[in-house]
Amino acid sequence: MPAPFVSHVMEIEKGWIDYNGHLNMAYYNVLFDRCSDEALDLLGMGAAYVRDRKLTIYTAEVHVCYVQELHLEHRVTASFQLLDHDDKRLRVYQELLHVDGWLAATSEYLALHVDMTGPKVAPFPEDIMANLQAMGAAHAQLPMPERAGRSIGIRRKPT
């Protein structure tokens, strides 16, 4: 398992540029999601998983930090680091990097494994859990990202 998983190179689409002349905030999520789709496919939870086994992943919570603007001519990759998992959930940290190496954004999310026949949250099947454990072991060798676990708030100076 690659540690972390890194997506293919992705390009910014013209329709994603907003009136400020940079990538609209929503499309950072699209890029992160495309990377997640690639990583989930590697784990055996891609489109065929939904079609054939009626099981999937739903995002329960996500936190994006916008670090540096992206523009139309930019090309990026995204990483996928499995921080934690249990029998029904995944915690993932991602970074969106310009091909020149600078950080554009980070994302951290909690996802639920869902049985589409309910739909209801359900345990991962044994084969998928084995894949998650393999990725988890590989990713456990990586340092905990500094930006993981951040919360939103306004820090005030003591008066």
Engineer: What's the shortest heavy-atom distance between N24 and D18, and which atoms?
Structural biologist: CA-OD2, 3.6 Å
Engineer: Is there a path of hydrophobic side-chain contacts, each under 4.5 Å between heavy atoms, that joins V50 and M45?
Structural biologist: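 In one cluster: no.
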Engineer: When you group the ILVMFWY residues by side-chain heavy-atom contacts below 4.5 Å and let the links chain together, are Y109 and V30 in the same group?
Structural biologist: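 Per the 4.5 Å side-chain linkage, V30 and Y109 are co-clustered.
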Engineer: What I want to find out is whether E11 reaches R34 closely enough, with some N-O distance under 4.0 Å, to be called a salt bridge.
Structural biologist: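 Looking at E11 and R34, the cut-off is not met.
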Engineer: CD of E73: more than 12 outside heavy atoms within 6.0 angstrom?
Structural biologist: yes
Engineer: Could you give me the CA-CA distance, side-chain angles and deciding distance for R147 and E108, then say whether side chain to side chain contact (heavy atoms under 4.5 Å, CB included) is met?
Structural biologist: CA-CA 9 Å; R147 291 177 167 269; E108 185 175 358; over 6 Å; no
Engineer: Could you check whether any side-chain heavy atom of P2 comes within less than 4.5 Å of a side-chain heavy atom of L42, counting everything from C-beta outward?
Structural biologist: yes
Engineer: With side chains defined as the heavy atoms from C-beta onward, is the minimum distance between H85 and V92 less than 4.5 Å?
Structural biologist: no
Engineer: Apply side-chain hydrogen bond (donor to acceptor under 3.5 Å, both in side chains) to Y93 and list each qualifying residue two or more places apart in sequence or on a separate chain.
Structural biologist: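 Only E95 meet the side-chain hydrogen bond (donor to acceptor under 3.5 Å, both in side chains) criterion with Y93.
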Engineer: Atom CZ of residue position R91 - does it have more than 12 heavy atoms of other residues, nucleotides or ligands inside 6.0 Å?
Structural biologist: yes
Engineer: List the atom of F32, the atom of T106, and the distance in Å for their closest heavy-atom pair.
Structural biologist: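 Of all heavy-atom pairs spanning F32 and T106, the closest is CZ-C, 3.6 Å.
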Engineer: Going by atom type alone, with no hydrogens or angles, which donor-acceptor pairs under 3.5 Å involve a side-chain atom of residues 60-70 and a protein atom two or more places apart or on another chain?
Structural biologist:
residue	atom	partner	partner atom	Å
H63	ND1	R150	O	3.2
Y66	OH	M25	O	3.4
E69	OE1	H71	NE2	3.2
E69	OE2	H22	ND1	3.4

Engineer: Kindly indicate whether the side chain of W102, heavy atoms from C-beta on, has any atom under 4.5 Å from the side chain of L97.
Structural biologist: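 No, side chains not in contact.
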Engineer: How far apart are the closest heavy atoms of P119 and V114, and which atoms are they?
Structural biologist: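 Smallest heavy-atom distance, with atoms named: CB-CG1, 3.8 Å.
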Engineer: Going by ring-ring contact (aromatic ring centres under 6.0 Å, His included), name the pairs with one or both residues in residues 120-144, residues two or more places apart or in two chains.
Structural biologist: H113-F124
Engineer: If you measure from the Lys or Arg side-chain nitrogens to the Asp or Glu carboxylate oxygens, is any gap between K88 and D115 under 4.0 Å?
Structural biologist: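 A salt bridge is absent here (no side-chain N lies under 4.0 Å from a carboxylate O).
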Engineer: Do L43 and V6 share a hydrophobic cluster, counting only Ile, Leu, Val, Met, Phe, Trp and Tyr and linking them when any side-chain heavy atoms are less than 4.5 Å apart?
Structural biologist: no
Engineer: Side-chain contact test, heavy atoms from C-beta onward, threshold under 4.5 Å: evaluate it for S107 versus F80 and give yes or no.
Structural biologist: no
Engineer: So, for V9 and V99, which heavy atoms are closest and what is the spacing to 0.1 Å?
Structural biologist: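 Smallest heavy-atom distance, with atoms named: CG1-CG1, 3.9 Å.
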Engineer: Could you pull out the closest heavy-atom pair between M129 and D86, with the gap in Å?
Structural biologist: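 That would be CE-O, 3.5 Å.
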Engineer: Is there a path of hydrophobic side-chain contacts, each under 4.5 Å between heavy atoms of I/L/V/M/F/W/Y residues, joining L72 to Y27?
Structural biologist: yes
Engineer: Would L23 and L31 count as a side chain to side chain contact (heavy atoms under 4.5 Å, CB included) here? Give the steps.
Structural biologist: CA-CA 11 Å; L23 184 64; L31 294 165; 3.9 Å; yes
Engineer: Just by distance, do the side chain of E38 and the backbone of H8 share a donor-acceptor pair under 3.5 Å?
Structural biologist: yes
Engineer: Compare every heavy atom of V76 with every heavy atom of H98, then report the nearest pair and how far apart it is.
Structural biologist: CA-CG1, 4.0 Å
Engineer: Going through the distances and angles, do F5 and C35 end up as a side chain to side chain contact (heavy atoms under 4.5 Å, CB included)?
Structural biologist: CA-CA 9 Å; F5 173 85; C35 173; 4.1 Å; yes
Engineer: Using 0.5 Å steps for rounding, measure from the CG atom of D33 to the CD atom of Q94.
Structural biologist: 8.0 Å
Engineer: Please determine whether residues M116 and L55 belong to a single hydrophobic cluster, defined as Ile, Leu, Val, Met, Phe, Trp and Tyr linked transitively by side-chain heavy-atom distances below 4.5 Å.
Structural biologist: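 No, because M116 and L55 fall into different hydrophobic clusters, even though each may have its own neighbours under 4.5 Å.
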Engineer: Rounded to the nearest 0.5 Å, what separates atom CG in D127 from atom CG in N131?
Structural biologist: 6.5 Å
Engineer: Just how far is it from atom NE2 of H74 to atom CD1 of I17, taken to the nearest 0.5 Å?
Structural biologist: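 Rounded to the nearest 0.5 Å, the NE2-CD1 separation comes to 9.0 Å.
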Engineer: Taking the side chain from S7 and the backbone from A78, do they hold a donor-acceptor pair closer than 3.5 Å?
Structural biologist: yes
Engineer: Given the rule in the side chain to side chain contact (heavy atoms under 4.5 Å, CB included) test, do L82 and M1 qualify, once you have shown the distances and angles that lead to the verdict?
Structural biologist: CA-CA 11 Å; L82 182 61; M1 288 283 178; over 6 Å; no
